[in-house]
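Single-structure report; data block below.
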Amino acid sequence: MASTEVKVALGCIAVRLAVTYLFPSLQQQLDQSVEFSTPVTSFRSLQEGIYLLRNNILVYNNGVVHHPPILVFFLSLFNSDKLISLIYASIDGLVAYQLTKMTKAFKNLRIKIWLPGLLYTVNPLVLLSCISRSSIIFTNFAISSSLYFLLTGGNVVLSSVMISVSGYLSLYPFLLLIPLLGMLKNWKQRIFSVIISLLSLSFLLLFSYSMLGGESWSFLTQVYGSIVSLEKVFPNLGLWWYFFIEMFDTFIPFFKAVFNIFIAAFITPFTLRYNKQPFYAFILCIGWIALTKPYPSLGDAGFFFSFLPFFTPLFGYLRYPIISALLFLHAVVLAPIFYYLWVGLGSGNSNFFYAISLVYALALASILVDLNWAMLRIEYDNGVPNFNLKVTQI
Amino acid sequence: MALLEKLHRRIVDMGLVPRIITLLPVISTLCALFGFISITILPMDGQYRRTYISENALMPSQAYSYFRESEWNILRGYRSQIEEMVNMTSTERNHLMGSWLQEFGTKTAVYENEQYGETLYGVMHAPRGDGTEAMVLAIPWFNSDDEFNIGGAALGVSLARFFSRWPVWSKNIIVVFSENPRAALRSWVEAYHTSLDLTGGSIEAAVVLDYSSAEDFFEYVEISYDGLNGELPNLDLVNVAISVTEHEGIKVSLHGLPDDQITDNDYWSRLKILLLGIRDWALSGVKNPHGNEAFSGWRIQSVTLKAHGHSGHDITTFGRIPEAMFRSINNLLEKFHQSFFFYLLLAPRQFVSISSYLPSAVVLSVAFVISSLNAFINNDYAKITFFSEYNLVALMVWFISLVISFIISQVFLLVPSAVLLMTISLASCFLPLVLSEKVHISEPLSYRLKNVAFLYFSLVSTSLLMINFAMALLIGTLAFPMTFIKTIVVEGPTEHEMHTKLPNSVKIEPEDEIELIKHQEVIVSEKTQQKLKLKNLLLLILTNPFVSITLFGLFFDNEFNGFDIINKLVSAWLDLKCWSWFILCIGWLPCWLLVLASSFGSKSVVMKSKEKQN
């Protein structure tokens, strides 16, 4: 008799493989949609990188590949298409497994143990993101592993290593080290964790350097520089691209710095404010990064939502969950339609799509704000929900 | 936020929240009413605008048109030969026409499609252009009413001959002779963009000619512009067509308006054209296509010119319309982009833009959201937690009905039997009545089903808003009576507990916050229940997508007889790739199925939330 988490993980893998098998053309369609695929996560550019690597051509010389070298190298080991779908499905299955394990670790959680895993399995955002073979799921896996190691076994070393892996894969998640430190017990552990993660990050970078041989450090600008500086102004669900399309060149570096600082600015405050609920701070930070990163996809939002079932006691305090949910739902449904009106039919224009990406940002922001309120409110009630008490902001 | 906070506090202080909640059904109906009223306001003076040419380069009718009496004899010559073509096979006909076109230097080719027949087309290369852009003159051999397009074909070839002698063209001119304005033309357009060898660059605009009589004179011109799947040509092209036609002194008819009503321009005539426009826009492709529909989907702007009547203007006047239009389009340096892509015409020269008409469909969609909200909070079960079984089961039922609807849509593509579909639809309406003794659902589930149904419908209608406004408005209007269907409470939970699907598991899990308690309330009397059931039955029949669209076709459009609108929906997809069938099946039907499920007799469950202990 397999345990719940194994069942959930197997179910998750089965669902993904079944969808890939039933709709063989879905992967390419999703990979071409701006909601699931961005220049830094798309499978097409990853394939390009694999091709270049196999033929001993400089991978980071042509401005197409923005995936980190180890990921390209890892996936170049597998030739068959089926094997690659299996890898993607398994990675998602592992995340579902970890989610279920984490649910078990929280003793006083009043939800069914299989619920977060099941929701992760059927969550269409995560599901389609996995089918599109967006490389974001490797990052998500690293983040979830980091939480898993810390919450289930208290393994600081592996947890810190996984955070640096996620940072290595797509840069901004490295900021999650800060809320991770908040989850540790004492300063000794914290300093240890910082050292471990810095060491493992430098090891990963050095390993990439040595692996690429003659290419020196050019991969740094291609992989991380392109993210930080929004090198490819591509339409996506984020707040960045539209802003930088028509800006005078002289202002661009300044505003890119501002946008970057904006991402980092809220991480520490979240950690400090919720120092009694560090796990909560961690999840809020995931949501914050999903909202403000330069190349977001629906996979980011889906991953963020996968952790919300852990906070069911807060749901009673949410002030406008229906509005947030409707906003998000409409943004997700309308985004591809407005993109089609703009790029496909030509009867709309870029403002249509940007407007809907603003709605998407508003939805995510309102969810974050509401979650903040809920946690502050439950703090006010000292952890015993009292929904009848009316509290208002001054 | 502070302002909102203050407003919120004021509303709470005044105790408006519960009152608003009880009034939700009324608010929903008011929203829908507001939607309809805002449509009827549009034709009033001051609400609409006069059309104007937005792209200055077009300059319609600024150049003198030369297709006049000197060409009439040539046209007559061609026509007398074409009159004999009626009995030829299409290969012979196209061969002869092709040889004529080649006489003045047109490169011709025949596109052969096994299913839809042969299409002859010829490309005249632009003397002044780089050959990357083209304008299309399309002439279906048989027009939309299956009459032999004698005048159109004669005009087509004589115009081609006339154009070939001019050095002014900077875009290639493509002349197309297809068997019909429907699938044959559509398949040629598709082949042009995928497989044809002889091409002339990207098509900027297309004009379809329909002059089915062999006479020299006609009275007025009907201009059709609705594209497939809610696409409209850029308003600039329609404006050019209308202004050129009126410049020649010919009256313009829109949406099949008869001769004696063309010149009317008062509130009622504008309202009539507006409503006819919405109907034709929504059913475009399902109704008999005029030809311009075939060009939808490749960023091609197209209109159809159809000559009506037997006296008044001569046929060369009709020829001068495409001539002047081509001169205008020829001036363009960019694709059509200046003017509106979303508009409704009220008269040939009057229109409303999207910002004026969109709110009506938006509030209709909002009405569904409010109905959904009403089903969610306006009952005793509002406090059920998000992860409760009722919600999950409702979502599951939604998913199942989506799958069923998808299967239905696919099956009836293969077996397009309208009678069978109608029988099934009508029979399933009676299910709640027939099975009222045997099948019961729990009351909260019934509300949750409606909640999901209306939310889904509103999502569908919102996503259609921009892409196919008329369809959104049409299905929103036809489906709205669904929100009046009431949940019928048959009995308390104690007696038939074994039939209830859900509460059992609630009992098994003691840690759950919800508990079943013995039901005490008085149940509505038998008679009112019977009345409610009949009302529900009637509403279910009326709002079934297939029944509803058939009734709509029968009452508001004389093109449809019996159930053939269903067959036309199916063939519109198969021949023209028109999505209307799927909008009905995958957008509307799941919602209807959910409402059907919710109208089964239900048993109330009394909820009591335990004190939470943390």
Side-chain angles (χ1 to χ4, degrees), chain A residues 108-112 115-116 118-119 122 124 308-309 311-316 318-323 325-326 328-349 352-353 355-356 359 366 369 373 378 381-388 390 392-394, chain B residues 1-2 4-6 8-9 12 227 229-235 296-301 335-337 339-343 354 365-366 369 372-373 376-377 383 385-387 389 392 395-396 399 451 455-456 458-468 509 511-513 609 611-614:
Chain A
N108 54 357
L109 216 57
R110 302 257 223 88
I111 50 170
K112 314 262 184 317
L115 190 71
L118 179 74
L119 287 179
V122 296
L308 295 187
F311 305 107
T312 36
L314 295 179
F315 286 5
L318 295 180
R319 283 181 300 179
Y320 35 82
I322 295 177
I323 294 175
L326 284 179
F328 189 82
L329 209 57
H330 281 85
V332 167
V333 170
L334 288 180
I337 290 170
F338 279 21
Y339 188 77
Y340 173 66
L341 277 179
W342 169 26
V343 174
L345 293 181
S347 46
N349 55 38
F352 284 51
F353 182 69
I356 216 64
V359 175
S366 80
V369 169
W373 165 266
I378 204 166
D381 287 342
N382 289 323
V384 185
N386 179 6
F387 296 113
N388 297 322
K390 294 282 174 225
T392 186
Q393 243 168 315
I394 315 174
Chain B
M1 275 323 255
L4 282 180
E5 200 71 47
K6 199 164 186 179
H8 178 243
R9 249 180 276 167
V12 173
N229 303 327
E231 281 179 57
L232 294 177
N234 193 290
L235 186 56
S296 284
W298 282 278
R299 293 199 181 195
I300 304 172
Q301 324 300 329
K335 279 183 174 293
F336 279 98
H337 69 281
S339 193
F340 298 89
F341 277 101
F342 306 105
Y343 53 86
I354 186 160
S365 171
V366 169
V369 176
S372 162
L373 205 62
F376 187 59
I377 54 176
K383 287 267 188 276
T385 55
F386 180 72
F387 290 119
E389 278 90 340
L392 296 182
L395 283 177
M396 237 145 77
F399 185 73
N451 172 22
L455 185 63
Y456 176 69
S458 136
L459 258 184
V460 170
S461 123
T462 312
S463 48
L464 279 176
L465 276 182
M466 293 296 292
I467 210 157
N468 197 345
E509 315 268 349
E511 78 272 12
D512 204 291
E513 288 159 32
S609 45
E611 285 300 311
K612 284 188 189 174
Q613 315 135 17
N614 272 32

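The sequence lines fix the lettering, A, B, ..., with proteins before strands; numbering per chain opens at 1.
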- For the student: nearest non-hydrogen atoms of B:L459 and A:V333, plus distance: CD2-CG2, 3.9 Å
- If one checks every heavy atom of A:L329 against chain B at 4.5 Å, the contacting part turns out to be both
- Proximal component of B:L373, with respect to chain A [non-hydrogen, under 4.5 Å]: side chain
- Query: For the residue pair A:I337 and B:S463, what are the closest heavy atoms and their distance?
  - Reply: CD1-CB, 3.1 Å
- Part of A:L345 within contact of chain B (heavy atom distance under 4.5 Å): both
- Query: Under 4.5 Å between any side-chain heavy atoms of B:F399 and A:V122, yes or no?
  - Reply: no
- Item | Options A:P321, A:G344, A:S347, ranked by heavy-atom pairs under 4.5 Å with chain B, top entry | A:S347
- Of all heavy-atom pairs between A:W342 and B:R299, which one has the smallest distance, and what is that distance? O-NH2, 3.4 Å
- With a 4.5 angstrom heavy-atom cut-off, could you sort out which part of B:F340 is near chain A: side chain, backbone, both or neither? neither
- Task: Would you check if B:L455 and A:L326 make a side-chain contact, meaning some heavy-atom pair closer than 4.5 Å?
- Result: yes
- Query: Using non-hydrogen atoms only, which part of B:V460 is less than 4.5 Å away from chain A: side chain, backbone, both, or neither?
  - Reply: neither
- Query: Is there a side-chain contact between A:I322 and B:F376, using heavy atoms and a 4.5 Å cut-off?
  - Reply: yes
